[in-house]
Amino acid sequence: MKYVNKAVPKVDYKALVTGKAVYTDDLAPADALIVKLVRSPYAHALIKDINTARAEAVPGIECVLTWKDCPNKRFTMAGQTYPEPSPYDRLILDQRVRFVGDAVAIVAGTTKDAVNKALRLIKVKYEVLEPVLDFHKAKDNAILVHPEENWESRCPVGADNKRNLCAHSEEKEGDVDAVLASCDYIIDQTYHTKANQQAMMETFRSFSYLDTYGRLNVVAATQIPFHVRRILSNALDIPKSKVRVIKPRIGGGFGAKQTVITEVYPALVTWKTGKPAKMVYTREESFIASTPRHEMEVHVRLGADKNGIIKGLDVYALSNTGAYGEHGPTTIGLTGHKPIPIYGKAEAFRFVYDVVYTNVMSAGAYRGYGATQGFFAVESAVNELAAKMGMDPAVIREMNIVQEGQVMPAYYGETANSCALDRCVARAKEMIGWDEKYPSRDMGNGKVRGVGMALAMQGSGISNVDTGSVTLKVNDDGFYSLMIGAADMGTGCDTILAQMAAECLDCSMEDIIVHGVDTDVSPYDSGSYASSTTYVTGMAVVKACESLIHKFCSRAAEYMGCTEEDVEFDGKQAVNVKTGESISRAEIGNRVMCNSNEPLSASEAFSSPVSPPPYMAGIAEVEIDKETGQVDLVDYVAVVDCGTVVNPSLARIQTEGGIAQGIGMALYEDIIYDDKGKTFSNSFMQYKIPSRLDVGTIRVDFESSYEPTGPFGAKSVGEIVINTPAPAIASAVYNAVGVNIRELPITAEKVYWGMQEK
């Protein structure tokens with residue numbers, strides 16, 4: 001292959017390395033109104049009165065909007081395919097505020113100073129209500145986070161606002177209680193993961209304006225342009241035909257921008273005033289009023305026979321969706337459906353979950369999307385099982401893991417058509433020197449080193465739901481326009497899709513111009529989430545190329561006066577195989593511009609009935625100071641099976657970045673609230689993310705399988721890579737000092753006191 005499986009530079013690399021890349025705020029009109037929010041100081045309250053007179057009198061203030069100025073129509077901000085599983089529980093502005101930082105009023109003005117002054121002059125009278133802050137006590141609590149009658153759940157996800165339930169379900173195969181009762185070894189433990197911030201470089205931002213025809217145009221840093229169009233239509237109660245969404249370059253997303261955060265506020269201002277408006281979140285706002293990872297508590301019962309064969313898994317997950325239900329019903333599914341199928345010899349499983357409302361900042365999508373929490377729990381339980389049995393945790397995995405060709409009941413009954421997990425484990429052990437280092441080594445200086453292992457799998461798009469579409473157009477001189485609806489957020493999907501197109505069309509990368517997302521002209525795509533772009537949109541590219549080649553041959557046959565069956569296209573020219581006559585791609589492109597009754601273009605879509613999992617093995621080596629409990633990560637090795645690796649450089653960067661985020665979750669990151677529901681973690685001073693100095697050495701390799709349903713045999717790589725660090729590091733800590741940490745992050749204090757208790 002010329003381009004696929006090659007480390008091709010990103011198509012936009014020159015702009016990036018020279019600082020010429022243009023982002024949302026760079027494009028905003030100079031005269032755009034500055035939009036900011038008055039935010040609630042209370043976790044739960046009713047707004048009794050808002051006095052905006054003094055604020056409106058400030059020079060430069062264009063408008064002050066309250067809940068009285070907004071449609072009383074519930075919607076969800078979750079960027080998901082219609083009908084959205086997340087409940088319709090939002091208003092743009094509500095009379096009831098549900099967390100510290102919730103929106104109370106919108107202020108728009110010509111300068112930041114004017115807006116900031118006006119914010120201070122708005123007087124709000126609140127009836128302060130008792131909040132629900134402990135997610136263990138939220139279900140069936142007398143205090144309701146959403147007592148409103150127009151709350152609505154449009155999908156059967158077990159939601160009930162009168163029980164503070166955003167979702168509930170129970171799924172099982174076999175009699176797990178009987179199977180566990182027959183096991184020789186049982187692990188019965190509870191694991192707790194805190195909320196985590198995506199902490200992307202570019203904060204949330206968008207701007208809006210009315211075009212010549214009175215349509216609302218919104219430019220936003222978003223992963224989900226087409227969903228934003230629907231959400232704004234619902235929120236503003238205007239036809240979707242009145243909304244156009246444009247996605248420029250994004251400065252990182254990691255799932256945070258799969259939710260509408262800022263877009264509704266400037267859009268409402270523009271719709272009310274007719275003037276352009278923009279909103280740019282400060283870093284503090286991004287920390288206190290965004291959509292971090294769901295806090296979860298996961299109870300695992302896991303049983304094995306005397307030989308170490310895992311017979312049954314019973315998982316109960318309690319998820320804290322916070323004040324609103326964005327992504328609550330969907331993240332939780334991955335908490336069980338990804339970790340449980342890894343262990344392919346299990347005779348029975350049960351997965352039960354509750355997702356509850358509380359009066360803290362609402363949660364949302366973050367890389368790994370619920371699987372990350374589940375893997376910390378299940379993989380930690382497997383490591384504890386190995387310790388209890390006195391077995392090598394690598395060996396117990398080698399005995400139990402899913403094999404290629406195996407049906408996975410806990411993964412929606414899908415078959416593992418491509419699976420190199422066994423080779424991933426073997427290669428990771430070789431890279432770290434597992435047999436020499438397991439379980440630990442005393443370094444002789446008051447420090448000890450331990451190693452720990454974890455496995456993971458994810459998915460490739462959402463089966464039977466999400467759709468990727470592309471349009472390929474032939475232009476003058478035969479160059480191509482590749483119109484996509486998927487949102488490149490720095491991941492390189494523009495490059496990946498261009499590589500596939502160049503491979504299929506047998507042309508150079510320079511012959512393909514990739515156009516990003518404009519909902520008026522781009523073909524529909526669900527968006528960049530659920531590890532979907534390479535697999536789902538990539539297959540749409542392959543289909544479109546095949547269709548376009550067929551049209552090329554048909555048009556060439558017309559020009560050369562022969563049948564289509566006589567024509568072959570080699571990427572540069574179409575040749576009549578009987579006569580040797582040829583016509584170049586450039587000439588065809590030019591001739592299409594004159595006396596043509598049909599454009600030379602192809603549009604195709606793809607939606608898959610399956611979601612083939614990528615697999616991963618990760619091993620951590622940590623060093624612990626026995627006197628203080630300080631944990632330092634020395635080495636982390638990861639081996640990933642993502643099918644055919646389309647671009648090794650980009651896949652490696654994805655893997656290294658995801659591992660770094662997983663390390664942050666394991667060792668540093670923590671969102672902390674006081675007893676009134678206010679978060680202390682409102683800046684990078686209070687919320688520690690790892691720097692390059694904190695992550696030790698990260699080493700990555702790939703073990704390729706071939707996925708028959710994917711483009712060129714490819715699967716996804718974007719999300720799986722965050723899932724192994726937390727359980728692997730926790731296991732390494734145990735192997736070093738004998739302390740099991742079951743609540744993240746793993747801090748020196750927890751390790752120290754664990755050693756003291758031991």
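Here, residue 1 is the first one in the sequence, and each next residue gets the next number. What you are looking at is a predicted structure, and each value in this text was computed from that prediction instead of being measured.
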Using the rule given for side-chain contact (heavy atoms from CB on, under 4.5 Å), can you reason through Arg652 versus Phe702, listing the C-alpha separation, both sets of side-chain angles and the distance that settles it, and then say yes or no? CA-CA 9 Å; Arg652 187 175 301 279; Phe702 298 93; 4.2 Å; yes

How about Tyr535 and Thr709: does a side-chain donor come under 3.5 Å of a side-chain acceptor? yes

I'd like to know if the side chain of Ser531 pairs up with that of Glu719 as donor and acceptor (distance under 3.5 Å, no hydrogens or angles considered). yes

Decide whether Glu404 and Ser705 meet the rule of one side-chain donor and one side-chain acceptor closer than 3.5 Å. no

First locate atom CE of Met408, then atom CD of Glu414, and finally report the distance between them rounded to the nearest 0.5 Å. 6.0 Å

By the definition side chain to side chain contact (heavy atoms under 4.5 Å, CB included), identify the one residue from Met665, Gln654, Gln458 that meets it with Arg367. Gln654

Below 4.5 Å, heavy atoms only, C-beta onward: do Phe606 and Val542 meet side chain to side chain? no

Determine whether Gln499 and Ile496 make a side-chain contact, defined as any pair of heavy atoms from C-beta on separated by less than 4.5 Å. yes

Check this for me: does any side-chain nitrogen of one of Lys715 and Asp641 sit under 4.0 Å from a carboxylate oxygen of the other? yes

Could you go through Arg397 and Glu379, starting from their C-alpha distance and side-chain angles, then the distance that decides it, and tell me whether this counts as salt bridge (charged side-chain N to carboxylate O under 4.0 Å, His left out)? CA-CA 10 Å; Arg397 287 180 167 87; Glu379 287 299 288; 2.9 Å; yes

Classify the ring geometry between Tyr480 and Phe552 as parallel (under 30°), tilted (30 to 60°) or perpendicular (over 60°). perpendicular

Is there a side-chain contact between His227 and Glu84, using heavy atoms and a 4.5 Å cut-off? no

Within a 6.0 Å radius of atom CD on Glu568, are there more than 12 heavy atoms belonging to other residues, nucleotides or ligands? no

Are Lys338 and Tyr411 packed together at the side-chain level, in the sense that at least one heavy-atom pair is separated by less than 4.5 angstrom? yes

Polar contact flag, side-chain donor to acceptor under 3.5 angstrom, Thr644-Asn5: no

Does Gln258 reach the side chain of Glu326, with side-chain heavy atoms less than 4.5 Å apart? no

Are Asp506 and Lys2 close enough for a salt bridge, meaning some N to O gap below 4.0 Å? yes

side-chain hydrogen bond (donor to acceptor under 3.5 Å, both in side chains) against Asn576, all qualifying residues, sequence neighbours excluded: Thr579

Heavy atoms of other groups near Lys543 NZ, more than 12 under 6.0 Å: yes

Exercise: do Tyr13 and Thr495 side chains pair donor with acceptor under 3.5 Å: no

Interatomic spacing from OG1 in Thr372 to CD1 in Ile722 - rounded to 0.5 Å: 5.0 Å

Hydrogens and angles aside, do Thr724 and Tyr636 bring a side-chain donor and acceptor to less than 3.5 Å of each other? yes

Tyr529 side chain to His327 side chain, donor-acceptor N/O pair below 3.5 angstrom: no

So does Lys551 have more than 12 non-hydrogen atoms from other groups sitting under 6.0 Å from NZ? yes

Is any side-chain heavy atom of Cys419 closer than 4.5 Å to one of Tyr615? yes

Begin from the C-alpha positions of Phe351 and Phe349 and carry the test ring pair (Phe, Tyr, Trp, His ring centres under 6.0 Å) through to its verdict. CA-CA 7 Å; Phe351 176 39; Phe349 81 89; 8.1 Å; no

Heavy-atom closest contact (Ala7 atom, Asn647 atom, distance): CA-OD1, 3.5 Å

Passes side-chain contact (heavy atoms from CB on, under 4.5 Å), Tyr353 versus Thr335? Steps please. CA-CA 9 Å; Tyr353 58 76; Thr335 306; over 6 Å; no

Measuring only between side-chain heavy atoms, which start at C-beta, is Ile310 closer than 4.5 Å to Lys345? no

Test of understanding: with salt bridge (charged side-chain N to carboxylate O under 4.0 Å, His left out), list the residues that count as partners of Lys578, not counting sequence neighbours. Asp566

What pairs meet the ring pair (Phe, Tyr, Trp, His ring centres under 6.0 Å) rule with one or both residues in residues 483-515, with sequence neighbours excluded? none

Distance-minimising heavy-atom pair for Gly589 and Val474: CA-CG1, 4.0 Å

Flag side-chain contact, heavy atom, 4.5 Å: Met539 against Ser608: no

Taken to the nearest 0.5 Å, the spacing of Met483 CE from Leu472 CG works out to 10.5 Å

Please name the pair of heavy atoms, one in Met453 and one in Ala394, separated by the smallest distance, quoted to 0.1 Å. CE-CB, 3.6 Å

Roughly how far, to the nearest 0.5 Å, is the CD1 atom of Ile224 from the OG1 atom of Thr259? 6.5 Å

